[in-house]
Number of protein chains: 2
Amino acid sequence: MTVKEVTVGIDIGGTNTVFGFIDERGDEIGGGHFPTYADEPPEQLIRRLADAIKSGFMSLEDDQCQLTGIGIGAPNANFHTGTVEHPPNFDWEVVNVVDLMKRHFDLPVVITNDANAAALGEMLYGGAGGMKDFIQITLGTGLGSGLVVDGRIVFGHDGFAGEMGHLTVDPKSDRRCGCGKYGCLETWASATGVARTARQLLEERSDDSLMRLTPRNELTSKGVFLAAEKGDALAREVFEITGSVLGMKLADAVMMLSPEAIFFFGGLARAGSLLLDPARRSMEANLLPIFRGKVRLEVSRLQDRNVAVLGAAALIQSTLRGNA
Amino acid sequence: MTVKEVTVGIDIGGTNTVFGFIDERGDEIGGGHFPTYADEPPEQLIRRLADAIKSGFMSLEDDQCQLTGIGIGAPNANFHTGTVEHPPNFDWEVVNVVDLMKRHFDLPVVITNDANAAALGEMLYGGAGGMKDFIQITLGTGLGSGLVVDGRIVFGHDGFAGEMGHLTVDPKSDRRCGCGKYGCLETWASATGVARTARQLLEERSDDSLMRLTPRNELTSKGVFLAAEKGDALAREVFEITGSVLGMKLADAVMMLSPEAIFFFGGLARAGSLLLDPARRSMEANLLPIFRGKVRLEVSRLQDRNVAVLGAAALIQSTLRGNA
């Protein structure tokens, strides 16, 4: 009998913490989840997590499994230092999650932010297999991004690279971002950005729209999407505007990094061609001729799986192989 | 006696072609230059170049030198394919310069564009020594850039990465760029961009200015610089505007790549703090808090040397060491 090497992928979120045991083929052979309690000391979370992993591992059916390493995705996590720094929605300052984890396991432990983990997941288990240069963008409440150059995640000198959500679209805009700046990309290209653009259009214009059936402050990106799918012109215009802004900044990223493809993950990515068609048109229009027609925009193939857990497992797997 | 390993660095420009013999310490121990004749077939240029290198090498004083490789910097050069593609100011289509060179030398030959070569020069011989993540920007007629991530030049999947000159500042601007787009970064942040901003200010405003002593269509960035140095308020405003636009796009680049420093080379970089102070202010204002106060903006330390030749030599040297 051969020993099956298994890694643990962990996604520490503000509400829930999820972990999975991932085998070498990327299959999840077990796992668990529980509330994070982000207002508690981090030591308690890590102890609960370690206990859950240990008992989960004991109960795996295949008793020839060997645990080889632990990968963690978490907000504001720093690959270089192992720390999570002032994560939004947590009562944490600077916490060395890797050190805390190593108190419980004599195994390699690595951490990165969720967006980088997603990029690694796409590379190992998704549509970016075999690609050396690509970008992964998560369109959720905000916009997260992971950049892959020559087969490796870009961490930058301080470990925080890849923050495309805060690229400046228009510094004179009145769209205030959660980061304190004005006119960041994610104030347009995110679930909240789409709702914002919709509310703005509904206020400025008097066109009929299915979106008017929903109270304005209850309108979500999903509501805009459902209206657009039914052919609502104003809702489609929301996606045109969103795609146009997104495409301009994608063009900037392409001219800097020349990726083979850009993958989109997250709730808003479900809008598919409604968003990606205008994004592609705008990107192409803003590219130097030498880059045109070369870059694929695609919805992630991991859209329906737990990408954060897969990506965290991918991180430790590629570290064990010496690639990260 | 020990053998001294020497590489050749070559800069193929639209007007002149320059080469130098560079030893392992980065010292130039010989070299030469001659007109390119960019309207002639490329085979002729490469033959003349090969002859000049061979006779130049014979005449080096130290006869214990051994030629180990050839590095070339050229416009629109592609590291992956060895080709130069439709270089501006040349009557060339797609030319495989590496293959042409190998007809004359049984040595490793590599090529890249001038901006990437400059970045490698900065890494091996300039201010970026020891840095794994930095950006090199050449402010000449246009704006060229070389990106270094984790100690390696970013080439991208097609070899053309690093074109920061064409990042979009404002697609609605009436500043048409040489590339055909409107509102590219280099229509502001370059020698021609500075002259353009100066002419625009002089037209729109009636303030006194030393710049008015020069006929408007003869005004150059150097003229603006000299006026600003004498305290001319309008000329200083030109640099404020230039720095402000540049800084906004630098912030985008920093949030993507998190470099340790950004180095500036080329004629306009001689403006020093006149340009870099407003660029720094604008960059900091457009950064996510987590990146603020971390990135150095510096004038290249290679400013007074032949950076293109040094950089091309750096390219072949790092290739021989397995780093590129």
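Note on naming: letters A, B, ... go to the chains in the order of the sequence lines (proteins, then strands), and numbering restarts at 1 for each one. Every heavy atom of this structure was used, including side-chain atoms; hydrogens, water molecules and symmetry mates were not. The structure presented is a predicted model; accordingly, all values stated were derived computationally and were not measured.
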Any side-chain heavy-atom pair from [X] and [Y] closer than 4.5 angstrom?
| X | Y | result |
| --- | --- | --- |
| A:Leu257 | B:Leu147 | yes |
| A:Lys132 | B:His157 | no |
| B:Lys249 | A:Asp252 | yes |
| A:Asp133 | B:Phe155 | no |

Going from [atom1] on [X] to [atom2] on [Y], what distance comes out if it is rounded to the nearest 0.5 angstrom?
| X | Y | atom1 | atom2 | answer |
| --- | --- | --- | --- | --- |
| A:Met255 | B:Glu163 | CE | CD | 8.5 Å |
| A:Leu288 | B:Cys184 | CG | SG | 6.5 Å |
| B:Arg152 | A:Asp150 | CZ | CG | 4.0 Å |

Largest heavy-atom contact set with chain A, pairs under 4.5 Å, which of [options]:
| options | value |
| --- | --- |
| B:Val149, B:Val154, B:Asn286, B:Val295 | B:Asn286 |
| B:Cys177, B:Cys179, B:Gly162 | B:Gly162 |
| B:Gly156, B:Gly159, B:Ala285 | B:Gly156 |
| B:Lys294, B:Met248, B:Met164 | B:Lys294 |

>> Could you go through A:Phe291 and B:Asp158, starting from their C-alpha distance and side-chain angles, then the distance that decides it, and tell me whether this counts as side chain to side chain contact (heavy atoms under 4.5 Å, CB included)?
In response: CA-CA 9 Å; A:Phe291 294 104; B:Asp158 64 353; 4.2 Å; yes
> Is any residue of residues 165-174 of chain B within less than 4.5 Å of chain A by heavy atoms, and which ones?
Replying inline: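 Listed by number, the contacting residues are B:His166, B:Leu167, B:Thr168, B:Pro171.
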> Of the backbone (N, CA, C, O) and the side chain (C-beta and beyond), which part of A:Leu287 lies under 4.5 Å from a heavy atom of chain B, both, or neither?
Replying inline: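 For A:Leu287, the contact with chain B is made by the backbone alone.
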> Which bit of A:Pro289 is near chain B, if near means a heavy-atom gap under 4.5 Å: side chain, backbone, both or neither?
Replying inline: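 Only the side chain of A:Pro289 comes within 4.5 Å of chain B.
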> What residue, out of A:Glu260, A:His86, A:Glu85, A:Met131, has the most heavy-atom pairs lying under 4.5 Å from chain B?
Replying inline: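 Highest number of pairs under 4.5 Å: A:Glu260.
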>> Under 4.5 Å from any heavy atom of chain A, what part of B:Ala253 do you find: side chain, backbone, both or neither?
In response: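 Interface part for B:Ala253: both.
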> Measuring heavy-atom distances to chain A, does B:Phe134 have an atom under 4.5 Å in its side chain, in its backbone, in both, or in neither?
Replying inline: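 Neither part.
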